[in-house]
Amino acid sequence: MKILVTGGTGYIGSHTVLSLQEAGHDVVVIDNLINSSDEALRRVAELTGKPAAFHRTDLLDEQAVDAVFAEHAVDAVIHFAGLKAVGESVSEPLKYYHNNLVGTLNLLRSMDRHNVRSIVFSSSATVYGEHNAIPYVEKMEIGANNPYGRTKEQIEDILSDLGAADGRWHIALLRYFNPVGAHPSGRIGEDPQGIPNNLVPFIAQVAVGRREKLMVFGGDYDTPDGTCLRDYIHVVDLAEGHVAALNHIAERAGVFRWNLGSGTGSSVLEVLRSFEKAVGRPIPHEITGRRAGDLPAFWADATSALADLSWSTSKSLDQMCEDHWRWQKNNPQGYSAD
Ligand code: WQD
């Protein structure tokens with residue numbers, strides 16, 4: 001099939017483009033490069049031997065989005081494009097609601113006009129909010145507690161309403177937990193702009209000498225070692241999950257929700273130890289105060305993706321850290337060195 005990937009030069013997007021091409025699909029990428037580099041696509045093409053068509057297009061430009069659909073006979077869409085920093089969304093909610101919601105509405109209207117009604121949407125575990133029991137199950141009530149998470153929840157609602165109103169739509173909502181790691185080649189990986197918000201890219205930048213030390217946000221939680229537990233998932237496993245979801249909805253109309261996680265929680269210190277093993281030396285760190293908004297622990301109930309998609313994670317935390325480190329060691333400044 002010909003798959004349009006929005007946000008396809010990003011961390012998860014670029015790994016998914018690679019998995020799609022390895023599965024034999026043709027890929028078209030739309031990205032505005034606000035938070036990524038098209039060098040990622042050049043490297044994916046190096047790895048697969050198949051260049052993806054690339055349009056430097058912003059989803060807020062409805063005419064430009066329409067032109068992409070007019071040029072390519074797209075069969076389905078995987079939609080990653082969106083702003084995703086929780087903290088920034090709290091300080092700049094209007095920017096997040098405008099970019100994430102209007103961008104998605106433009107995409108969906110263009111799809112409908114061009115009779116493309118199959119979409120896999122990149123949602124997030126953050127939609128489960130802070131009141132659900134662990135492990136999170138897809139049928140639970142959702143209620144995000146930050147503007148970023150609320151945009152994900154509202155896009156899920158838009159897609160659910162669309163699927164209920166028009167039986168021609170095939171829709172998969174994928175709720176990611178904590179993606180980490182990189183393609184084993186070390187040629188593509190996570191390249192956050194500015195100071196990384198997330199744990200593993202921050203650890204990787206300390207290990208490669210770009211940051212002085214890791215601040216562990218809280219060591220006094222009610223968890224085995226006092227630090228927070230999260231469900232870390234290798235980005236290659238996550239990319240494969242998208243291909244599996246795409247195949248599933250290709251045959252079935254309707255709206256489907258799946259958690260993409262490992263089903264187990266790992267602590268901040270366990271992740272740090274695993275990364276130190278990959279690097280072969282201790283990584284400077286200090287346990288400091290808690291970060292506002294953090295939950296002590298959450299992880300996925302991953303049974304429905306296994307049952308419906310025959311998909312589950314296959315890579316261990318050590319493999320995630322080894323692969324993340326190989327990428328960071330080989331690309332100390334991410335893609336910008338090129
Ligand atoms: C993990 C743990 C931190 C950095 C976020 C978003 C979520 C999703 C994934 C988009 C926490 C601790 C972190 C640091 C630390 N993104 N930590 N020092 O918060 O689980 O989820 O990213 O969909 O929406 O909320 O991930 O990597 O930020 O934090 O101690 O420098 O690591 O306190 O316990 P999180 P994270």
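In listed order, ligands and their atoms are each counted from 1.
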Modelled atom types, side-chain donor and acceptor of H183 and D323, under 3.5 Å: no
Centroid-centroid distance, F298 to Y128, less than 6.0 Å: no
Heteroatom proximity flag, P179 to ligand 1, N/O under 3.5 Å: no
Test item: D112 side-chain N/O and L108 main-chain N/O as donor-acceptor pair under 3.5 Å: no
Donor-acceptor side-chain pairing of N331 and R43 below 3.5 angstrom: yes
Identity and distance of the protein heavy atom lying nearest atom 36 (P) of ligand 1: N198 ND2, 3.5 Å
Location of contacts on L199 toward ligand 1, heavy atoms closer than 4.0 Å: both
Nitrogen or oxygen of F217 less than 3.5 angstrom from that of ligand 1: yes
Any Y232 heavy atom less than 4.0 Å to ligand 1: yes
Residues K50 and E22 bridged, charged N to O under 4.0 Å: no
Contact partition for Y176 relative to ligand 1, non-hydrogen atoms under 4.0 Å: neither
Atom 16 (N) of ligand 1: the protein heavy-atom neighbour that sits closest, reported with distance to 0.1 Å: Y148 OH, 4.3 Å
Contact partition for D294 relative to ligand 1, non-hydrogen atoms under 4.0 Å: side chain
Protein heavy-atom partner closest to atom 7 (C) of ligand 1 - residue, atom, separation in Å: S124 OG, 4.2 Å
Taking atom 12 (C) of ligand 1 as the reference point, the nearest protein heavy atom with its distance: V268 CG2, 3.9 Å
Contacts of type side chain to side chain donor-acceptor pair (under 3.5 Å), residue N35, not counting sequence neighbours: none
Protein heavy atom at shortest distance from atom 18 (N) of ligand 1: M215 O, 2.8 Å
Main-chain N/O of G82 paired to N100 side chain as donor or acceptor, under 3.5 Å: no
Derivation of the side-chain hydrogen bond (donor to acceptor under 3.5 Å, both in side chains) call for T9 and S36: CA-CA 6 Å; T9 65; S36 57; 2.5 Å; yes
L214, portion touching ligand 1 at heavy-atom distance under 4.0 Å: side chain
Ligand-residue contact atoms, ligand 1 with N197, heavy atoms, under 4.0 Å: 4 (C), 28 (O)
Inter- and intrachain pairs under salt bridge (Lys or Arg N to Asp or Glu O under 4.0 Å), touching residues 263-273, at least two apart: R273-E276
Backbone N/O of F80 and side chain of T6: donor-acceptor pair under 3.5 Å: yes
Heavy atom of the protein closest to atom 6 (C) of ligand 1 (residue, atom name, distance): V86 CG2, 3.8 Å
Atom 35 (P) of ligand 1: nearest protein contact (heavy atom, Å): N178 ND2, 3.5 Å
Other residues, nucleotides, ligands: >12 heavy atoms within 6.0 Å of D220 CG: yes
Side chain, backbone, both or neither: K152 near ligand 1, heavy atoms under 4.0 Å: neither
Interfacing atoms of ligand 1 (cut-off 4.0 Å, heavy-atom, V216): 30 (O)
Enumerated ligand 1 atoms positioned under 4.0 Å from heavy atoms of C228: 34 (O)
Under-4.0 Å heavy-atom contact with ligand 1, by part of V271 that carries it: neither
Check: Y176 ring centroid to H242 ring centroid under 6.0 Å: yes
Ring centre gap for H248 and H170 strictly below 6.0 Å: no
Nearest-contact summary for atom 19 (O) of ligand 1 - protein heavy atom, Å: R291 NH2, 2.9 Å
Polar atom proximity, R230 to ligand 1 (N or O, under 3.5 Å): yes
